[in-house]
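To find a chain, count down the sequence lines: A is the first, B the second, and so on, and within it residues start at 1.
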There are 2 protein chains.
Amino acid sequence: MENAQDHMTTASAEGLIAFAGVTPRKRGARMNTWQSVRADVMERIRSGEWAPGMLIPTEHELAVELGCARATVNRALRELADGGILQRRRKVGTRVTARASRRARLELPAIRDEVEALGQTLGYRLLHLTTAPGPAEARKALHIIAGTRVVQVTSIYRADEAPHCFEQIWLNADALPRFDAATFEAEPPHEWLARSVPVTQAQFSILAEPASDGAAEALGVAPGTPVLTIERTNSLNQIPVSFARQFYPPCYRLAMAD
Amino acid sequence: MENAQDHMTTASAEGLIAFAGVTPRKRGARMNTWQSVRADVMERIRSGEWAPGMLIPTEHELAVELGCARATVNRALRELADGGILQRRRKVGTRVTARASRRARLELPAIRDEVEALGQTLGYRLLHLTTAPGPAEARKALHIIAGTRVVQVTSIYRADEAPHCFEQIWLNADALPRFDAATFEAEPPHEWLARSVPVTQAQFSILAEPASDGAAEALGVAPGTPVLTIERTNSLNQIPVSFARQFYPPCYRLAMAD
DNA sequence: AAGTGGTCTAGACCACAGT
DNA sequence: CTGTGGTCTAGACCACTTA
């Protein structure tokens, strides 16, 4: 017996029951963590004990059965519902999802992190900077009205000299700190943006497109080659401050699990 | 926009009757919910009070300042860290993320849900079923070894008669319940899969590709047209049971926010 | 050794939605 | 009405990391 009684402050009856039955804290024994509850639930789903579409026991029932607090069960079931494994409704209960839908967490890393995580060196070069208001898509994303100053920045990112990403970004100059061409010769727009303003909301869109002439040249592929496009709108306090289109060559993949 | 007296509840809890203090339910008053704490933190980040890269107060300090339990603060900060807004490390503290990275939740709905959510009618047709072991990619994803029975199912989904998605799926027949051609004439493979086995893990990959001849014909586009490809591997208890490639025409977008 | 986040608990009240 | 999930609280212990 190690630490004899650490629960003296709480009800001693609880402590006795714990010793006799559940043994909450043994050497290699399993504790009642929310992860263990989640694993237990997953196991019952996997084994078929709880089939797709079926109603599972209530939080209270599970807490009693597993000998843990309802809050712990709640945490576990909430995580599973977050991932689309379960569906929860008040008064009704918790159901095993019968659909093939999933909610996966997608990492949209900064390009620098993405490249350096592979042990490669990021190369960045500013290709073009102009005050053109941009295409209709960019104007719409930025809620541009007449007179708004918009700056378009075009640049290329390389991973160990190989083209990695071609980026066009439109910045709402009226809603951002001062910047000029020298700013983006020294630093990628998104890094400057992250340092300069606390972006509070981001929207993303992913699609497949044929490479434009400019993108094709920068990426070293033939015009019309399929490229993966990630559109990103950054907002600050409901006001869009930047709209970016990032183009990745065909070898690029966005991967995620569960 | 806020009025000056937010802390009446905590003040009265100390001075007046327990009833009024413990239940601060006033008409328009807001309680200390974890959402309100999250909003408060976001507001301070947005206002620049807490700049990117900066260390914010500890959970305990925030709990005291906001007059709520530390668990409530923890929930709020955990949600923000989940979204990539904050970074937390034990003993060090909580920092405002200075990078442009974000973690967004991507919904990969079942095709039926996706189409019907737009008020359209889903059309499904089985195009082809064969026992071919499939390309190297599929064999690798399914961990195929010699002798494993693999069935390839090719099908087309339509939304109100317009081609919506061309799908190729390879099924590990040795790890699944019995099925045959009639099974998938009646029901899309993923719906049958979701009904039949409790898929416990899914992996996704998103890329842009030129449409193959088969995909182009089914989708009604020219061969070589860029298509958005979503690859999905479903696993049951660590064993891959299906590998699917879904091809979407150029108009298709995956959208997400936050 | 000490400080910070991570989690568990037991109890309580509330919000919502079927009955 | 009743039952279910959603959340808050106060306290406690634990895990990890830095000093």
Side-chain angles (χ1 to χ4, degrees), chain A residues 2-18 21-27 29-41 55-64 66-82 86-96, chain B residues 9-10 13-14 18-27 29-41 55-64 66-82 86-96:
Chain A
E2 56 279 344
N3 49 8
Q5 44 267 57
D6 25 17
H7 286 96
M8 286 204 32
T9 54
T10 61
S12 56
E14 230 298 306
L16 287 178
I17 292 174
V22 187
T23 312
R25 187 143 282 118
K26 256 310 174 57
R27 196 163 307 278
R30 66 253 170 272
M31 299 185 308
N32 274 323
T33 66
W34 69 265
Q35 291 96 333
S36 75
V37 174
R38 180 182 61 181
D40 189 293
V41 170
L55 216 52
I56 75 173
T58 66
E59 291 186 350
H60 180 70
E61 289 169 342
L62 282 174
V64 170
L66 301 175
C68 66
R70 184 167 80 91
T72 306
V73 175
N74 179 274
R75 173 78 191 271
L77 298 187
R78 178 169 19 99
E79 296 275 336
L80 289 171
D82 261 4
L86 299 176
Q87 291 174 321
R88 321 197 70 193
R89 281 171 60 197
R90 281 165 165 154
K91 171 69 180 176
V92 177
T94 302
R95 214 173 273 283
V96 180
Chain B
T9 55
T10 52
E14 169 265 323
F19 284 160
V22 180
T23 47
R25 273 260 156 257
K26 261 307 175 55
R27 196 159 306 279
R30 57 243 163 279
M31 289 188 46
N32 274 323
T33 66
W34 69 264
Q35 291 96 333
S36 75
V37 173
R38 181 183 60 182
D40 190 292
V41 171
L55 216 52
I56 75 173
T58 66
E59 291 186 349
H60 180 71
E61 289 168 342
L62 282 174
V64 170
L66 300 175
C68 66
R70 185 168 79 93
T72 306
V73 175
N74 178 273
R75 174 78 191 271
L77 298 187
R78 177 168 20 100
E79 297 274 337
L80 288 171
D82 261 4
L86 299 176
Q87 292 175 314
R88 321 198 68 194
R89 280 173 61 198
R90 281 166 164 153
K91 168 73 179 175
V92 176
T94 302
R95 217 172 269 283
V96 181

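Take A:A69 and apply the side chain to side chain contact (heavy atoms under 4.5 Å, CB included) test, not counting sequence neighbours, and it matches A:T72. Looking at residues two or more places apart in sequence or on another chain, you find a side chain to side chain contact (heavy atoms under 4.5 Å, CB included) between B:R88 and B:E59, B:N74, B:L77, B:A81, B:T94. Listed by chain and residue number, A:R70, A:V73 satisfy the side chain to side chain contact (heavy atoms under 4.5 Å, CB included) test with A:A63 (two or more places apart in sequence, or in another chain). For A:Q87, the side chain to side chain donor-acceptor pair (under 3.5 Å) test picks out no residue, with sequence neighbours left out. Scanning for side chain to side chain contact (heavy atoms under 4.5 Å, CB included) contacts around B:D82 gives A:R105, with sequence neighbours left out.
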Enumerate all atom pairs, one protein N or O and one N or O from nucleotides 2-6 of chain C, separated by less than 3.5 Å.
unit_1	atom_1	unit_2	atom_2	d
C:dG3	O4'	B:K91	NZ	3.2
C:dT4	O2	B:K91	N	3.4
C:dG5	OP1	B:T94	OG1	3.3
C:dG5	OP2	B:E59	N	3.2
C:dG5	N2	B:R90	NH2	3.4
C:dG6	OP2	B:R88	NH1	2.7
C:dG6	O4'	B:R90	NH2	2.9
C:dG6	O6	B:R70	NH2	2.4

